[in-house]
Amino acid sequence: AARGARVTALDFSHGMLEQARKKPGADRVNFIEHDIAKPLPLPDRAFDRVLCALVIDHVADLNGLFTELGRICSADGSIIISSMHPAMMLKGVQARFTDPTTGIETRPESVPNQLSDYITAAVAAKLHIDHISEHLADESLAKIAPRAEKHLGWPLLLMLRLTPKA
């Protein structure tokens, strides 16, 4: 947004959107409160870049979500998806948030999707997989994020870049 792009941000959490609205430059972002497990309230082919960051491991209907992401992405655009790697669930790790004021921990429901589920959903949504990568915890990550040390050698992050098929 700071460079002139028209940015739309979508989240189901009113609280998370309130936090985002406090950030510098937020006045240039269109914020929408919406659950991505439902059809997106966005026009067809309206976005050159679609970013779905660290949320698909909470979505049961991957086919529906990937179809929606493809619908809103322009024909020459791309969709970038990041997710906690499915291997983390094998270690009992899932997303959690701690309220800094109350100390209350929230663990949003996670879905045990596998790598093959993401690939199958992309193919079913008629999306081309341009890139897929799995990122392991290594010593350099552990130096900057000490919590990663207990996961050395394990894949932490899954990345996908998808494009609509012509």
Side-chain angles (χ1 to χ4, degrees), residues 1-89 93-97 106-137 141 145 155-166:
R3 294 184 181 165
R6 288 179 292 135
V7 176
T8 298
L10 192 141
D11 198 303
F12 81 101
S13 168
H14 181 76
M16 292 297 271
L17 289 172
E18 285 302 311
Q19 291 297 316
R21 286 184 178 104
K22 294 175 185 175
K23 295 187 178 224
D27 58 322
R28 294 184 296 258
V29 176
N30 175 31
F31 291 99
I32 300 173
E33 189 173 330
H34 184 78
D35 182 351
I36 66 166
K38 298 177 180 166
L40 301 175
L42 302 166
D44 294 357
R45 305 280 180 234
F47 299 91
D48 295 325
R49 300 292 176 267
V50 176
L51 176 63
C52 184
L54 299 173
V55 70
I56 62 171
D57 51 322
H58 304 290
V59 176
D61 180 12
L62 292 176
N63 288 357
L65 176 59
F66 279 48
T67 297
E68 281 294 286
L69 297 177
R71 179 186 64 77
I72 67 170
C73 187
S74 65
D76 60 345
S78 61
I79 301 162
I80 306 297
I81 296 174
S82 67
S83 179
M84 183 186 310
H85 196 283
M88 287 292 95
M89 276 200 168
V93 176
Q94 71 177 70
R96 66 181 183 277
F97 306 94
T106 301
R107 290 180 180 253
E109 183 178 344
S110 294
V111 180
N113 294 315
Q114 297 299 309
L115 188 56
S116 59
D117 296 323
Y118 299 128
I119 294 168
T120 300
V123 170
K126 298 181 175 48
L127 298 170
H128 181 268
I129 301 170
D130 290 330
H131 172 88
I132 185 168
S133 57
E134 301 169 281
H135 301 268
L136 303 178
L141 176 62
L156 292 179
L157 185 68
L158 172 66
M159 296 292 298
L160 298 164
R161 183 177 61 233
L162 311 170
T163 53
K165 289 185 179 178

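Remark: the backbone N or O of M159 is not paired with any side-chain donor or acceptor of H85 at under 3.5 angstrom. The backbone N or O of A1 sits nowhere less than 3.5 Å from a side-chain atom of R6 that would complete a donor-acceptor pair. R71 contributes a side-chain N or O that, together with a main-chain N or O of L42, makes up a donor-acceptor pair within less than 3.5 Å. The backbone N or O of C73 lies less than 3.5 Å from a partner atom in the side chain of R45, making a donor-acceptor pair.
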| message | Pair L158, E134 - check side chain to side chain contact (heavy atoms under 4.5 Å, CB included), show working. | response | CA-CA 5 Å; L158 172 66; E134 301 169 281; 4.1 Å; yes
| Can S110 and D57 be said to form a side chain to side chain donor-acceptor pair (under 3.5 Å), step by step? | CA-CA 6 Å; S110 294; D57 51 322; 4.7 Å; no
| said: The test is side chain to side chain contact (heavy atoms under 4.5 Å, CB included); show your working for I80 and R49 and say whether it passes. | reply: CA-CA 8 Å; I80 306 297; R49 300 292 176 267; 5.8 Å; no
| field | Y118 vs L62, side chain to side chain contact (heavy atoms under 4.5 Å, CB included): CA-CA, chis, key distance, verdict | value | CA-CA 7 Å; Y118 299 128; L62 292 176; 3.5 Å; yes
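L157 and S82 get closest at one heavy-atom pair: CD1-CB, 4.2 Å. D48 and S74 get closest at one heavy-atom pair: OD1-OG, 3.1 Å. Residue I36 comes nearest to L65 through the heavy atom pair O-CD1, 3.7 Å, listed as atom of the first residue, atom of the second, then distance.
Applying the 6.0 Å contact sphere to CZ of F12 captures no more than 12 heavy atoms from other residues, nucleotides or ligands.
Rounded to the nearest 0.5 Å, atoms CD1 (I129) and NZ (K165) are 8.5 Å apart. Rounding to the nearest 0.5 angstrom, the gap separating the CG atom in D44 from the CD atom in E68 is 8.5 Å. L127 CG to I79 CD1: the interatomic distance, rounded to the nearest 0.5 Å, is 4.5 Å. If you take CG on N113 and CE on M89, they are separated by 7.5 Å, rounding to the nearest 0.5 Å. We find the OG1-CD1 distance between T8 and I32 to be 5.5 Å, quoted to the nearest 0.5 Å.
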